[in-house]
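Notes follow once the structure below has been shown.
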Protein chains: 2
Amino acid sequence: MSPKITTELLKQLRQVMKSPKYVQEPVQAYIVPSGDAHQSEYIAPCDCRRAFISGFDGSAGTAIVTEQHAAMWTDGRYFLQAAHQMDNNWTLMKMGLKDTPTQEDWLVSVLPEGSKVGVDPFIIPADQWKRMSKVLRSAGHDLVPVKENLIDTIWTDCPQRPCKPLITLDLSYTGVSWRDKIVALRSKMAERKVLWFVVTALDEVAWLFNLRGSDVEYNPVFFAYAVIGMNTIRLFIDGDRMMDPAVREHLQLNSTLEPEFKIQVMPYGSILSELQAVAAGLSPKEKVWLSDKASYALTEAIPKAYRYLTPYTPICIAKAVKNASETEGMRRAHIKDAVALCELFNWLEKEVVPKGTVTEIIAADKAEEFRSQQNDFVELSFATISSTGPNGAIIHYKPVPETNRTLSVNEIYLLDSGAQYKDGTTDVTRTMHFGTPSAYEKECFTYVLKGHIAVSAAIFPNGTKGHLLDSFARSALWDCGLDYLHGTGHGVGSFLNVHEGPCGISYKTFADEPLEAGMIVSDEPGYYEDGSFGIRIENVVLVIPAETKYNFKNRGSLTFEPLTLVPIQTKMIDVNLLTQKECNWVNDYHQKCREVIGAELERQGRHEALRWLMRETEPLIRVQ
Amino acid sequence: MSPKITTELLKQLRQVMKSPKYVQEPVQAYIVPSGDAHQSEYIAPCDCRRAFISGFDGSAGTAIVTEQHAAMWTDGRYFLQAAHQMDNNWTLMKMGLKDTPTQEDWLVSVLPEGSKVGVDPFIIPADQWKRMSKVLRSAGHDLVPVKENLIDTIWTDCPQRPCKPLITLDLSYTGVSWRDKIVALRSKMAERKVLWFVVTALDEVAWLFNLRGSDVEYNPVFFAYAVIGMNTIRLFIDGDRMMDPAVREHLQLNSTLEPEFKIQVMPYGSILSELQAVAAGLSPKEKVWLSDKASYALTEAIPKAYRYLTPYTPICIAKAVKNASETEGMRRAHIKDAVALCELFNWLEKEVVPKGTVTEIIAADKAEEFRSQQNDFVELSFATISSTGPNGAIIHYKPVPETNRTLSVNEIYLLDSGAQYKDGTTDVTRTMHFGTPSAYEKECFTYVLKGHIAVSAAIFPNGTKGHLLDSFARSALWDCGLDYLHGTGHGVGSFLNVHEGPCGISYKTFADEPLEAGMIVSDEPGYYEDGSFGIRIENVVLVIPAETKYNFKNRGSLTFEPLTLVPIQTKMIDVNLLTQKECNWVNDYHQKCREVIGAELERQGRHEALRWLMRETEPLIRVQ
């Protein structure tokens, strides 16, 4: 990787920072955040403005350019990559290190008195604007919104905003019609006494209208906003995709509907002016509901007295609780996904052991190939982490030609992968050894497995937040002085984003919503030995009611049911470190893999993979 | 309990709310919070203003009086008590229930346009002022500071502020001299680039100067503030207690010290004007450090640009980490406390079983009597919770004549008690049955014990926050559908407050500081069956380094060592529900009780109690 030469680009940016064509007054600093206008985790190429100006294309980072300086804030995952990708114009600000200043403090330290700091108000979330502008103001500077994105003005070959065709999902997939979702949303609005709701997150728009898209890689979403009133529905979306007869039929655009279900389609770019018009028509005590992470531009369009902000929207919460159709879809998707992985692992065993010609990239491609053979396959749900030996210890690794390593009988192989099927989203990690694992590797694997089981088999009262379960996943590792530096689980969408709120299992997440039956999260403890190997065991699990003796005084009991049904390599397990209960859990799990995945492999005529499955799911026997 | 008649008092309060003698402009509402000027949990009688105006004397509650209304906000622990203690003038606002408005929202709903809401700026913490005043302002009202406390103006027989003699603690108790504590504090101040530090919490003043008092029951503190500069020390304290030669000697008030260690003693009431003088002398970039929970009055004395606020002060954090002298003191205190409890339980067995004449109050008094026989005993550390049968299910129960119940061989008895000794503070809960417990009672007790052990024996990496351990205490209960609705542990002071920050073990506490070796917390899971019994097993435990196989890549391992050494009643344990590891824990614990407490009972010639101890610590035998 050679760094991007940015001297000329920075010169151009500094010119437009002073150009009356773009800014009312010159700005002495310009902030280029990572995100798009919808606070998406994954973004489209046209939104990769920070990568364009700096060369650094990791998933997290904020660039700030002043007349004299250019600085990049990113976290520990990306220190190396950012240092490689950026030229000498840039200073790397290593977040998390003690001496690294915050963006605000750094700005205060370098700016001349009374400076203006510009940012695109559509890209910066309102809560972040508030924090930054407070610090800057108290030091005598001003954070100012710059309407035209200054990067876009110098990005001559900026790719177009994607505008791909939509997929309509019928009731068999969604369980609830978009009309009924609108009715439920309006009832939540009435409860909170708000008149309008602004949908800003792309997956929330997609979920609400039972539509999917492919504007962003891995995420089946499309660029759009929606504004829902008690009697109106406005959908802000571009392109001729709304001309598609299937979409028009799905949204009943040609029908004579009751007025409160009539969807007005408006240009994507008109959201701000329409919202301003809504605000202008408000009477005192009438409120507009937005996520507190919505962009500063949209939030400011609603005068403060009329704003109703919450960390999680009612759509985010409703979307997290999967109904029977969605749950069934997720089950089907996970069965297909398991079939693909049984094929893959069987193939790997045949290829790796005698030939040694399989690289991480070849294995990842093969996994995609097997998945794509399955019904309703759409695309991958994230970039496959296919990593062997020391690469496995890099938690967010993605093989590229420079790092591509060959799988062997001497190293642990970690595969974290998933797909989007029309009926559900998958995300599974398995760690395996194609030769003979060392006693230490087996020991570590077994502790990770114990943690995985402790979460998966946990019983807890209704209303428990996921972060209270995080330590269960670590307890066995902690007993021996081992730990892993990431959370244990994240919410998973239903043919939607593989990471979604508002629930999760992490020592870091304190703003998570309580778990309820129907929510779907991942359970993925790990252990990483820098320079030698990585271990992670991940299932996607469904929150289900549990049977308990006393049922929490009728508050209700919950537990998890694994949706992922892929064998856990028993060769890696030190059975003597398991309790009898844990041993039974593994055997029961493998029995279920045999029954459910075995039947599907049989049905699909995949006999060799079926034999592999049967071999891999032989019961463990624990010597007392 | 008959309610307090408050009609006349409320009339008087409403008069002074309009009197130009006390308020610049009439206030339409007056807020009476629970606390004192130091945000103390326990308060002196002269600070019980909310109890005076309303009759309700629970530990938590806020009264608001308007021209038409009088309302009291309190939480679920006190709904019944508040309803009993207040007359019809008062509306009870049940916090935690869905339909109960917040104080701010209620004020907005009842106040006429453009109202003023008054509050004593010395009583309301700055963070609370900020929240309330924001809501009120956005609704067109004003929160205003009323200098003279309006309750005090009508409280004709208000008790005097206590001003009791001080106790000086020498190095053998404190381990560090007050001079060295000042040096350490100044180095923290230099690190954060602040010039002044304001000590507002009473236990922080006491700790800093190695002094103790008895101005507040159960808490060995005294009314004082301190302001520490880089070269000055100002102690704000009233009374002739500073004339005591021992105190003068301890603080070296008569010596010719280096100027930076010379303590200037000033009147308690002059803190505000002195702080204003400090503020007036500040140059730009000079900062004053305060707790963000300090009173609005003191916080406002420092202009915003000069304030440096943190949730925990460096004193709070230093105080939590006990040094070797303090730890040894705590060990000694817990040995004496265990001796007293062995005596008590031996006595109870002799009295309750054959005679049935012991009430909850008699048992509590007897516990105090045995404790007071021990060396360096000062007072109790909180009101003894002595509760039998259904009273045990009331978590914050304190026996009074109306509720006083007789201990019997048919009910579970729960005793949560502790003391202040000059060398340490204790807090211990034991639950026992003097007859034959039912299988269900034993089952519940055993789950609570399993939770207690899970926390006590937990191993975790250095830097772990206590709230991550909370679920360990619940896991065994959860498996059967049982839970308890309180946290698992709190920090414990060293001859200081029995509840102290910044660490704890709770599902509720998210702002806790990481645990480190030397911190002392309680481990007290429970189970409560409304109307029939309560179970709680509480030890005070010390955070110590642990030995682990891999030691978290040199990050270091921690675990707990019980300081409390009082037998856990084996009669209540269903041994078959314990794992072998848990069974060993109990036996090892009881072995240590025999060794340490047995030796002390022997030394003190308490042979009968020793025989009781030996009987109660017979090893458990688990049938495989």
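Lettering of chains follows the sequences in order, A, B, ..., and the numbering in each one begins at 1. All of these numbers come straight from a predicted model, not from anything done at the bench.
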How long is the straight-line distance from [atom2] of [Y] back to [atom1] of [X], given to the nearest 0.5 Å?
{"X": "A/Leu469", "Y": "B/Ser475", "atom1": "CG", "atom2": "OG", "result": "9.5 Å"}
{"X": "B/Ser557", "Y": "A/Trp478", "atom1": "OG", "atom2": "CH2", "result": "11.5 Å"}
{"X": "B/Lys549", "Y": "A/Glu443", "atom1": "NZ", "atom2": "CD", "result": "3.0 Å"}
{"X": "B/Ser471", "Y": "A/Lys465", "atom1": "OG", "atom2": "NZ", "result": "13.0 Å"}

Strictly under 6.0 Å, is that where the ring centroids of B/Tyr550 and A/Tyr440 end up?
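Yes, close enough.
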Heavy-atom cut-off 4.5 Å, strictly under: side chain, backbone, both or neither for [X] against chain A?
{"X": "B/Thr559", "answer": "neither"}
{"X": "B/Leu558", "answer": "neither"}
{"X": "B/Asp479", "answer": "both"}
{"X": "B/Tyr484", "answer": "neither"}

Is the number of heavy atoms from other residues, nucleotides or ligands under 6.0 Å of A/Glu113 CD greater than 12?
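Counting other residues, nucleotides and ligands, CD of A/Glu113 stays at 12 neighbours or fewer.
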Please check if atom CD in B/Glu547 has more than 12 non-hydrogen atoms from other residues, nucleotides or ligands closer than 6.0 Å.
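No, CD of B/Glu547 has 12 or fewer neighbouring heavy atoms, counting only those of other groups under 6.0 Å.
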Relative to chain B, which of A/Ala305, A/Ser138, A/Pro461 shows the most heavy atom pairs under 4.5 Å?
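Going by pairs under 4.5 Å, I would pick A/Pro461.
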After noting the C-alpha distance and the side-chain angles of A/Thr548 and B/Cys480, does the key distance pass the side chain to side chain contact (heavy atoms under 4.5 Å, CB included) rule?
CA-CA 5 Å; A/Thr548 57; B/Cys480 292; 5.7 Å; no
Shortest non-hydrogen contact from A/Lys553 to B/Tyr527?
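Taking A/Lys553 first and B/Tyr527 second, the nearest heavy atoms are CE-OH, 3.7 Å.
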Looking at B/Asp483 and A/Arg555, does any basic side-chain N land under 4.0 Å from a carboxylate oxygen?
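Result for this pair is yes, salt bridge flagged.
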Contacting region of A/Thr464 [heavy-atom separation from chain B under 4.5 Å]
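Only the side chain of A/Thr464 comes within 4.5 Å of chain B.
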